[in-house]
Amino acid sequence: MQSCICRSLSFWSFFFFLLLQKKGGGKSVPNAWQSLVELIYDFVLNLVNKQIGGLSENVKQKFFPHISVTFTFSLFRNPQGMIPFSFTVTSHFLITLALSFSIFIGITIVGFRRHGLLFFSFLLPAGVPLPLAPFLVLLELISYCFRALSLGICLFANMMAGHSLVKILSGFAWTMLFLNNIFYFIGDLGPLFIVLALTGLELGVAISQAHVSTISICIYLNDATNLHQNESFHN
């Protein structure tokens with residue numbers, strides 16, 4: 001499953017940037033496609049620079065491609081279910097769970113490569129009284145391991161709930177519209193307007209969810225690379 005997710009992410013990113021080149025990317029006067037890619041590039045780059053502290057620009061650049069691909073994948077896959085007869089990949093729990101676990105494992109590896117065994121100090125903040133140490137270590141361990149689920153559950157729940165609600169109300173409005181009854185036709189205007197409003201709202205949620213997931217990844221990376229020094233970088 002993890003390898004399938006990685007191949008899907010890589011293919012989607014490759015297809016997106018290949019489409020940019022086919023549409024005339026790299027021009028001195030950017031067209032719409034090139035402007036979109038540049039906007040995404042600058043947005044993710046600023047996000048990485050702001051949320052991950054204590055590292056040089058060269059080290060941050062190593063994280064940027066992975067975060068950029070994940071953001072692009074979520075940005076275009078989340079609203080996919082708004083297209084009729086399509087399916088939102090990120091509303092499938094196994095997909096989001098595999099993606100979440102892959103990111104969690106990668107961040108943990110980054111933490112160990114940077115700090116070695118000192119990475120375990122992440123479980124025990126400095127200045128904690130000794131009697132409270134076992135309790136806090138267990139609490140921090142559970143909290144850290146839950147990060148492997150939080151990204152997947154949050155993305156899955158938002159996409160599944162929102163898209164399901166829109167599709168149910170759309171089916172209800174569509175059925176009432178074609179009933180041979182004038183009262184049903186007039187009564188359909190209310191659900192129809194609600195569906196239109198929810199469609200715009202769900203589109204906004206789908207886009208913002210890609211932003212939220214990317215911020216969470218950057219925060220987790222910041223915690224793994226800076227340990228308990230991360231508070232100073234966010235203030």
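- Atom CG of Leu45 is separated from atom NZ of Lys50 by 10.5 Å, given to the nearest 0.5 angstrom.
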When the side chains of residues 125-136 are checked against the rest of the protein, which donor-acceptor pairs come out under 3.5 Å, sequence neighbours left out?
none

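- Residue Leu39 belongs to no hydrophobic cluster, having no ILVMFWY side-chain heavy atom closer than 4.5 Å to its own.
- Phe93 meets the ring-ring contact (aromatic ring centres under 6.0 Å, His included) test with Phe156; sequence neighbours excluded.
- Looking only at distances, no side-chain donor or acceptor of Thr88 sits under 3.5 Å from a matching main-chain atom of Gln80.
- Annotation: side chain of Asn222 is not in contact with side chain of Gln51 (no heavy-atom distance under 4.5 Å).
- If you take CD1 on Ile103 and OG on Ser216, they are separated by 9.5 Å, rounding to the nearest 0.5 Å.
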Q: Could you walk me through whether Tyr220 and Thr108 pass side chain to side chain donor-acceptor pair (under 3.5 Å), step by step?
A: CA-CA 9 Å; Tyr220 294 162; Thr108 304; over 6 Å; no
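- In this structure, Phe112 places its CZ atom where more than 12 heavy-atom neighbours from other residues, nucleotides or ligands lie under 6.0 Å away.
- Contact of the Arg147 side chain with the Asp223 side chain is registered, since non-hydrogen atoms from C-beta on lie closer than 4.5 Å.
- Inter-residue side-chain proximity for Met159 and Glu202 is flagged as met; some heavy-atom pair is nearer than 4.5 Å.
- No single ILVMFWY cluster, assembled from side-chain heavy atoms under 4.5 Å apart, contains both Val212 and Phe71.
- In this structure, Ile207 CD1 and Ser74 OG are separated by 12.0 Å, a value rounded to the nearest 0.5 Å.
- When all heavy atoms of Ala206 and Asn78 are compared, the pair lying nearest together is O-ND2, 3.1 Å.
- Residue Val137 is not grouped with residue Ile142 when hydrophobic side chains (ILVMFWY) are merged at heavy-atom distances under 4.5 angstrom, including chains of intermediate members.
- Side-chain heavy atoms closer than 4.5 Å link hydrophobic residues (I, L, V, M, F, W, Y) into clusters, and following such links, possibly through other members, connects Ile52 to Ile40.
- Cluster membership for Ile67 and Phe76, using ILVMFWY side-chain heavy atoms within less than 4.5 angstrom, is shared.
- Aromatic ring orientation, Tyr144 versus Phe104: tilted (interplanar angle from 30° to 60°).
- Residues Leu141 and Phe119 are members of one and the same hydrophobic cluster, defined by side-chain heavy-atom contacts under 4.5 angstrom among Ile, Leu, Val, Met, Phe, Trp and Tyr.
- Here the side chains of His211 and Phe43 are in contact, with some heavy-atom distance below 4.5 Å.
- Summarising the geometry, atom CG belonging to Leu155 is positioned 11.5 Å from atom CG belonging to Leu97; distances are rounded to the nearest 0.5 Å.
- Side-chain atoms of Thr70 and Ile217, non-hydrogen and from C-beta on, do get closer than 4.5 Å to each other.
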Q | Derivation and outcome, side-chain contact (heavy atoms from CB on, under 4.5 Å), residues Gln209 and Cys154 | A | CA-CA 9 Å; Gln209 191 59 41; Cys154 182; 3.3 Å; yes
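- Here the straight-line distance linking atom CD1 of Ile215 with atom CD1 of Ile219 works out to 6.5 Å at 0.5 Å rounding.
- Distance OG1/Thr96 to CG/Leu151: 9.5 Å, rounded to 0.5 Å.
- Of the possible polar contacts, one joining the Arg114 side chain to the Thr225 backbone as a donor-acceptor pair under 3.5 Å is found.
- The minimum heavy-atom distance linking Pro79 with Leu75 is given by the pair CD-O, 3.1 Å.
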